[in-house]
Amino acid sequence: MAVKVCKFGGTSMADGNVINNVKSIIESDVERRFIVVSAPGKRFSGDIKVTDLLYACYDELEAEGSCEKSFAPVCNRFRAIVKELGIDINIDQILELTRRRIVKERSRDFTASRGEYLSARIMAEVLGAKFIDAEEVIFFDKNGFLDGEKSYKAISAAASGEKLAVFPGFYGKGANGKVKTFSRGGSDITGAVVARAVSATLYENWTDVSGFLACDPALVPSPKRIKMLSYKELRELSYMGANVLHADSIFPVRKANIPVQIKNTFRPQDEGTSIVPSSIYRPCGNVVTGISGKKNFTVIFIEKSLMNSEIGFMRKVLTVLEEACVSVEHVPSGIDTMSLVIANEALEGKLETLLEGIKRAVQPDTVRVIENISLISTVGHGMSSSVGTSARLFSAIADAGINIKMIDQGSSELNIMVGVSDDDYEKCIKAIYFEFFGK
Ligand code: ASP
C-alpha cells in the first residue's frame with residue numbers, strides 16, 4: 001500500500017481549531033500514516049511563534065538561572081490548545097516536567113526543541129497515534145550533520161508495524177548524546193528523513209500557502225503558481241531565497257526519488273506544487289519556471305594578464321579564502337579575470353585580510369571590490385532548449401535601465417544568474433517576470 005508522510009508546519013499547529021482541520025485532513029486518507037509536526041506558529045500577524053518564545057526562555061535561563069517568566073506564555077499557548085481540543089492529556093504535568101528538564105539541560109537547542117516535542121505529544125493524542133520521539137530516531141554525526149543511515153534505520157525500526165505515528169520535527173540527538181536542532185525551519189528536513197526511512201510514496205508538506213509562486217508576491221501582484229518543479233529547480237530556487245521549503249530538505253527524498261507535494265492546510269482543495277525527479281518532470285510550457293534572488297553580496301574582481309596560463313592561479317586564490325574560513329558562493333571567470341561572489345555575512349570584517357592575502361598569493365594586476373550586489377536567478381528546464389532565452393532576459397533587464405554587473409550561467413543550463421546593484425533588485429525581478437510571464 002502507498003504510504004504518505006505528512007509534515008504540518010507551525011501555522012497548521014497554531015491553535016485547536018486548525019489542529020482539528022489537520023486531523024480531518026489526515027483521517028480523510030488512510031495512506032497518511034506518518035506525521036511530522038512543527039511547534040505552534042503565529043495565529044495572527046504580530047503573534048509570536050512558540051519556538052521564539054522558547055529561545056527567550058533560554059536567554060532568561062542564561063541571564064537569571066531560571067526561565068519562570070518566559071516559560072509562562074509557552075504554557076499558556078499549550079494549555080489553550082489542549083482546552084480547545086478537549087483532549088484528555090495532563091498538560092500541566094507535561095509542562096512542568098518540560099520546564100524542569102529545560103533548567104537541567106541548560107541548552108539552547110534543547111529548549112528550542114520543546115515546541116515540537118509538545119506539539120507532537122498533543123497531535124499523537126488527537127489522532128490516537130503512536131508518539132515517536134525524534135531524540136530516539138534522528139541522529140547527527142560529530143560534525144553536526146545529519147547521520148542519515150543511522151537515522152533511517154532507527155526510524156524504520158520504530159515505525160514498523162505502526163498504522164499511524166507522530167514525530168516531532170526540528171530536532172534529534174547529537175553525537176554527544178544531547179538534543180540538537182536543525183537550522184530554523186528544520187521540521188521540513190525531519191519530514192524528508194522520515195519519508196526516506198519508511199520508503200514513502202509521497203512526502204506531503206502542509207503549509208499555509210498553496211505551493212511555490214513564480215516569484216516573490218511582495219514584488220509582483222499574484223504571480224503565477226508553479227504546478228510542478230524538478231528537484232534541481234527547487235534546489236536553485238530555494239537556495240536563492242524562495243522559502244516555502246527548507247533548502248536542505250530535498251536531499252533525503254531526492255536520493256530515493258520520493259516526490260514532494262506542497263499543500264495548503266487552509267485550502268486543502270488546492271492542488272499545490274509537486275516536486276519530482278527529473279525523470280518524471282513534465283515541462284509546464286513556460287521557458288522559465290521561477291525567479292528568485294537575494295541581496296547583500298560582495299564581489300571581489302581579480303584581473304591579471306595571462307591568468308589562464310598561470311597554473312594554480314585559482315587554487316591559490318581559493319586557498320586564501322579557505323584559510324580565512326570564508327565560503328564563496330560563485331566564481332565566474334574569464335580568460336584574464338576571476339570574480340569571487342561572497343555573501344556579506346560570510347565576510348564580516350575579513351575583507352581587508354582577504355584582499356591582502358590575494359595580492360600576496362597571486363600578484364594580480366587589479367583587485368576591485370564591488371559591494372551591495374544582489375544575485376537574481378532565473379530558473380527553468382525549458383531554458384536550455386529554447387533559443388534566445390538569454391537574449392530575452394538581458395534585453396528585459398536593459399530595457400528596465402538596469403546595469404548588469406555580473407553574469408553566471410550554471411553548467412546545468414538550468415539557470416542564469418545575474419548580479420545587479422541592491423538598489424535595482426526589485427526592479428530587476430519585476431522586469432524578468434513580466435518578460436517571461438506577461439503583465
Ligand atoms: N519551529 C522551528 C522554527 O520555527 C522549526 C520548524 O518550524 O520547522 O524554525
Side-chain angles (χ1 to χ4, degrees), residues 5-15 18-19 22 34-59 70-71 73-75 77-78 81 95 98 102 107-124 131-135 137-138 140 144-146 151 155 166-174 179-196 203-209 212 234 238 241-253 260-266 275:
V5 168
C6 306
K7 180 257 166 175
F8 290 90
T11 41
S12 308
M13 297 301 296
D15 63 31
V18 199
I19 295 178
V22 168
F34 298 107
I35 314 300
V36 174
V37 292
S38 282
K42 294 184 182 185
R43 294 158 292 184
F44 43 84
S45 84
D47 195 12
I48 306 175
K49 286 173 149 198
V50 164
T51 308
D52 291 315
L53 294 175
L54 287 163
Y55 281 122
C57 287
Y58 179 71
D59 293 342
S70 323
F71 197 57
V74 176
C75 295
R77 281 296 294 272
F78 284 107
I81 288 174
L95 287 166
T98 302
I102 287 177
S107 132
R108 186 174 154 82
D109 279 14
F110 179 80
T111 310
S113 74
R114 292 306 90 182
E116 272 68 16
Y117 169 80
L118 293 163
S119 212
R121 290 284 307 264
I122 291 173
M123 197 68 214
F131 166 78
I132 300 177
D133 197 343
E135 201 180 331
V137 293
I138 301 257
F140 295 90
F145 294 116
L146 170 77
S151 308
I155 294 167
V166 181
F167 299 79
F170 191 38
Y171 71 92
K173 191 180 271 178
V179 164
K180 176 176 164 49
T181 61
F182 289 107
S183 57
R184 295 298 303 264
S187 301
D188 285 341
I189 308 175
T190 311
V193 173
V194 173
R196 168 83 179 272
Y203 170 26
E204 286 183 343
N205 190 291
W206 291 82
T207 172
D208 55 2
V209 290
F212 278 84
L234 171 76
S238 49
N243 58 8
V244 178
L245 198 64
H246 192 296
D248 293 345
S249 60
I250 208 62
F251 298 109
V253 284
V260 184
Q261 185 75 28
I262 306 291
K263 294 283 287 176
N264 187 348
T265 302
F266 303 89
I275 302 151

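Both ligands and their constituent atoms are indexed starting at 1 by order of listing.
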- Task: Compute the minimum heavy-atom distance from G185 to ligand 1 and say whether it is under 4.0 Å.
- Result: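 True for this residue.
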- Message: Could you check whether any heavy atom of G10 sits closer than 4.0 Å to an atom of ligand 1, since that is the contact criterion I want to use?
- Response: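 No; G10 lies far enough from ligand 1 that no heavy-atom distance drops under 4.0 Å.
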- Does H246 approach ligand 1 within less than 4.0 angstrom via side chain, backbone, both or neither, non-hydrogen atoms only?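 No part of H246 comes within reach of ligand 1.
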- In terms of atom number and element, which parts of ligand 1 are under 4.0 angstrom from non-hydrogen atoms of E116?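 Near E116, meaning under 4.0 Å from one of its heavy atoms, ligand 1 has 1 (N), 2 (C), 5 (C), 6 (C), 7 (O).
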- Enumerated ligand 1 atoms positioned under 4.0 Å from heavy atoms of K49: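 This gives 4 (O) as the contact atoms.
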- Nearest-neighbour protein heavy atom for atom 6 (C) of ligand 1, which is reported as residue plus atom name and distance: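 The closest one turns out to be S187 OG, 3.3 Å.
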- For atom 4 (O) of ligand 1, the protein heavy atom that lies nearest, with its residue and separation: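 Looking at atom 4 (O) of ligand 1, the protein heavy atom closest to it is R184 NH2, 2.9 Å.
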- Query: Judging by distance only, is a nitrogen or oxygen of D188 under 3.5 angstrom from one on ligand 1?
  - Reply: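 It does not: no N or O of D188 is found under 3.5 Å from an N or O of ligand 1.
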- Query: Can you find an N/O atom of S38 closer than 3.5 Å to an N/O atom of ligand 1?
  - Reply: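 N/O-N/O distance under 3.5 Å: yes.
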- Task: Kindly determine whether L146 and F251 satisfy side chain to side chain contact (heavy atoms under 4.5 Å, CB included), including the steps that lead there.
- Result: CA-CA 11 Å; L146 170 77; F251 298 109; over 6 Å; no
- Begin with the C-alpha distance, continue with both residues' side-chain angles, and end with the deciding distance and a verdict on side chain to side chain contact (heavy atoms under 4.5 Å, CB included) for L54 and E116. CA-CA 11 Å; L54 287 163; E116 272 68 16; over 6 Å; no
- side-chain contact (heavy atoms from CB on, under 4.5 Å) partners of R121, counting only residues at least two apart: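 Applying side-chain contact (heavy atoms from CB on, under 4.5 Å) to R121 gives I94, Y117, F131.
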- Message: Determine whether T111 and Y55 satisfy the following criterion, side chain to side chain contact (heavy atoms under 4.5 Å, CB included), listing intermediate values before the conclusion.
- Response: CA-CA 7 Å; T111 310; Y55 281 122; over 6 Å; no
- Task: Give a yes or no on whether a salt bridge exists between K42 and D52, defined as a side-chain N under 4.0 angstrom from a carboxylate O.
- Result: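 Salt bridge between K42 and D52, a charged N being under 4.0 Å from a carboxylate O: no.
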- Task: Could you give me the CA-CA distance, side-chain angles and deciding distance for F212 and I275, then say whether side chain to side chain contact (heavy atoms under 4.5 Å, CB included) is met?
- Result: CA-CA 10 Å; F212 278 84; I275 302 151; 4.2 Å; yes
- Query: Between Y58 and F110, is the gap from one ring center to the other below 6.0 Å?
  - Reply: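 No, too far apart.
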